[in-house]
Amino acid sequence: NGVLQHTLANPNAPPVLAYAWIGPFVGAAVRPIGGWISDKWGGSIVTQWISIVLVIASAVTGYVMFLAYHSATPEQYFFMFMALFVLLFAASGIGNGSTFRTVGFVFDKDERGPVLGWTSAVAAYGAFIAPVLIGEQIKAGTPQNAFYGFAVFYAVCLVLNWWFYLRKDSEFKNP
């Protein structure tokens, strides 16, 4: 009837909690692969490509959520959303491996431990703040905005990675 009903349970939708574990599992499972690929090609190259994947996947996920929220049959978008979300987790896991590899080359031996600890703390905060931001946007009826915001954040990360590690005159060349 044209009224958004996103706060009501959809009896036609798949059981979401049955799928909730897949993304984090995939992200954790592929983290070593990110380190292995980074050992072969360089951490910042892998981070650059993963950042591109994260920008695109976040923007497309936002668009899929927009479509679902404005559809009379939002359940038709579930598996597309799920595939994109798993892609986001996989890319994050690979990016985690490439970031940790880069830290090992950029910082001195005495600095690596504290920097890796700080990086882990920031990653843990990201695992907390992302669901909070998504939840707030769901309450507002605009969950796509969270993913568009993530796409912008990843784009900034892309530029920073290029600036510090991949541009012609960078101090560290593809660590």
Side-chain angles (χ1 to χ4, degrees), residues 6-7 9-10 12-41 43-69 74-104 112-113 115-158 160-161:
H6 62 276
T7 57
N10 183 344
N12 300 321
V16 176
L17 293 178
Y19 297 93
W21 63 273
I22 296 172
F25 176 79
V26 168
V30 301
R31 185 188 179 282
I33 296 169
W36 177 75
I37 294 169
S38 297
D39 286 342
K40 297 207 173 285
W41 293 344
S44 57
I45 288 287
V46 173
T47 300
Q48 195 74 358
W49 282 105
I50 287 303
S51 296
I52 292 167
V53 170
L54 288 167
V55 168
I56 294 167
S58 294
V60 173
T61 302
Y63 183 65
V64 167
M65 291 193 81
F66 173 80
L67 293 175
Y69 263 61
E75 64 275 5
Q76 72 180 344
Y77 296 100
F78 177 75
F79 288 105
M80 185 183 310
F81 167 80
M82 187 66 193
L84 287 163
F85 222 68
V86 169
L87 176 62
L88 285 167
F89 271 98
S92 295
I94 291 170
N96 183 282
S98 68
T99 299
F100 276 73
R101 195 258 188 199
T102 300
V103 167
R112 288 179 194 151
V115 171
L116 289 173
W118 183 84
T119 303
S120 297
V122 170
Y125 183 70
F128 162 77
I129 195 66
V132 169
L133 293 172
I134 294 167
E136 289 299 318
Q137 290 302 307
I138 288 172
K139 287 179 188 172
T142 55
Q144 70 274 7
N145 290 347
F147 288 93
Y148 296 151
F150 296 151
V152 169
F153 170 76
Y154 294 133
V156 169
C157 293
L158 183 82
L160 289 173
N161 184 65

Notebook entry, point to check: What salt bridge (Lys or Arg N to Asp or Glu O under 4.0 Å) pairs are there with at least one residue in residues 45-60, not counting sequence neighbours?
Noted result: none
Notebook entry, point to check: Any salt bridge (Lys or Arg N to Asp or Glu O under 4.0 Å) pairs touching residues 78-101, not counting sequence neighbours?
Noted result: D39-R101
Checklist line | Heavy-atom pair with the smallest gap, counting every atom of V55 and A155 | finding: CG2-N, 3.4 Å
Next item on the list: Could I get the full list of ring pair (Phe, Tyr, Trp, His ring centres under 6.0 Å) partners for F89, not counting sequence neighbours?
Entry: F85
Margin query: Between N145 and Y148, is there a side-chain heavy-atom distance shorter than 4.5 Å?
Written below: yes
Note to self: Show me the pairs that pass side-chain hydrogen bond (donor to acceptor under 3.5 Å, both in side chains) and involve residues 45-54, at least two apart or across chains.
What the structure shows: T47-S98, Q48-N161
Checklist line | Gap separating the CD1 atom of I56 from the CG atom of L87, nearest 0.5 angstrom | finding: 9.5 Å
Note to self: Please enumerate all residues that pass ring pair (Phe, Tyr, Trp, His ring centres under 6.0 Å) together with Y77, with sequence neighbours excluded.
What the structure shows: none
Check: What distance do I45 atom CD1 and W41 atom CH2 have between them, rounded to the nearest 0.5 Å?
Finding: 10.0 Å
Notebook entry, point to check: By side-chain hydrogen bond (donor to acceptor under 3.5 Å, both in side chains), which residues pair with E136, not counting sequence neighbours?
Noted result: none
Check: Which pair of non-hydrogen atoms, one from L54 and one from A91, has the smallest distance, and what is that distance?
Finding: CD2-CB, 3.7 Å
Notebook entry, point to check: Does some side-chain heavy atom of S38 sit less than 4.5 Å from a side-chain heavy atom of F100?
Noted result: no
Next item on the list: Mind listing the closest non-hydrogen atom pair of V64 and M80 along with its distance?
Entry: CG2-SD, 3.5 Å
Check: Which residues satisfy the side-chain hydrogen bond (donor to acceptor under 3.5 Å, both in side chains) test with Q144, sequence neighbours excluded?
Finding: none
Item checked: Interatomic spacing from OG1 in T99 to CD1 in I94 - rounded to 0.5 Å -> 11.5 Å
Note to self: Nearest 0.5 Å, please: how far is CE in M82 from OG1 in T61?
What the structure shows: 11.5 Å
Check: Between atom CD1 of I138 and atom CE of M65, what is the distance when rounded to the nearest 0.5 Å?
Finding: 5.0 Å
Checklist line | Close side-chain approach of F128 and V132, heavy atoms under 4.5 Å | finding: yes
Listed pairs under 3.5 Å, donor-acceptor, residues 18-33 side chains, sequence neighbours left out:
unit_1: W21; atom_1: NE1; unit_2: A18; atom_2: O; d: 3.1
unit_1: R31; atom_1: NE; unit_2: N96; atom_2: OD1; d: 2.4
unit_1: R31; atom_1: NH2; unit_2: N96; atom_2: OD1; d: 3.3

Checklist line | Sequence-distant partners of S58, side-chain contact (heavy atoms from CB on, under 4.5 Å), two or more places apart | finding: L88, F150, A151, Y154
Next item on the list: Sort and list the pairs that fulfil side-chain hydrogen bond (donor to acceptor under 3.5 Å, both in side chains) and have at least one residue in residues 85-94, not counting sequence neighbours.
Entry: none
Check: Got a sec: does the CZ of F78 have more than 12 other heavy atoms crowding it under 6.0 Å?
Finding: yes
Margin query: Distance check, rounded to the nearest 0.5 Å: L67 atom CG versus F81 atom CZ?
Written below: 13.0 Å
